Amino acid sequence: MRIARYGFLALALFSAAMLSAQAKHALVIGNGAYAYASLPKLNNSVNDANDMKTALEGLGFSVDRLVNAGRVQMEEAVER
């Protein structure tokens, strides 16, 4: 029983190490100026996206940031 516990612990530690070694990617989109006249301009969206990018990079993520992107740009970024 004791060997099984140590085996499980070793597997858990190995899995955690492998997960932390994997590349982490994020897509941050900050849209504040929509093309539709009926939607109001959002004043802080771009600043929020910049802050989120900085925070995620601090956690080890590589970050793609889009600002005031159109639908096609956003779809292409998601596919990447």
Side-chain angles (χ1 to χ4, degrees):
M1 188 66 150
R2 186 175 230 181
I3 294 173
R5 284 187 197 160
Y6 286 123
F8 178 75
L9 179 60
L11 179 61
L13 291 173
F14 177 76
S15 298
M18 292 302 293
L19 286 174
S20 67
Q22 292 179 354
K24 299 181 273 188
H25 303 284
L27 171 62
V28 175
I29 301 173
N31 282 348
Y34 289 94
Y36 303 104
S38 62
L39 294 175
K41 183 177 181 201
L42 302 174
N43 295 323
N44 293 320
S45 298
V46 173
N47 292 336
D48 292 344
N50 291 333
D51 290 344
M52 184 60 71
K53 179 180 186 288
T54 300
L56 289 169
E57 286 174 337
L59 294 171
F61 283 79
S62 65
V63 180
D64 289 331
R65 181 186 60 91
L66 293 178
V67 175
N68 294 323
R71 189 190 78 183
V72 172
Q73 290 172 308
M74 289 188 284
E75 288 174 353
E76 290 171 348
V78 169
E79 287 177 16
R80 280 192 305 274

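What you see is a predicted model, and the numbers here were worked out from it, not measured in a lab.
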Anything under 3.5 Å between a donor and an acceptor, one on a side chain of residues 45-57, the other on a protein residue two or more places apart or in another chain? List them.
from : atom 1 : to  : atom 2 : distance (Å)
S45  : OG     : N31 : O      : 3.1
N50  : OD1    : R65 : NE     : 3.3
N50  : OD1    : R65 : NH1    : 3.2
N50  : ND2    : V46 : O      : 3.3
K53  : NZ     : E57 : OE2    : 2.7
T54  : OG1    : N50 : O      : 3.1

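When all heavy atoms are compared, the tightest approach of S62 to H25 is OG-ND1, 2.5 Å.
Note on V78 and L66: same hydrophobic cluster, where clusters join Ile, Leu, Val, Met, Phe, Trp and Tyr whose side-chain heavy atoms are under 4.5 Å apart, directly or indirectly. Hydrophobic cluster membership is shared by L59 and V28, with clusters built from Ile, Leu, Val, Met, Phe, Trp and Tyr side chains linked at under 4.5 angstrom.
Here Q73 pairs with A69 under the side chain to side chain contact (heavy atoms under 4.5 Å, CB included) rule; sequence neighbours left out. A search for salt bridge (Lys or Arg N to Asp or Glu O under 4.0 Å) contacts involving E75 returns R71, not counting sequence neighbours.
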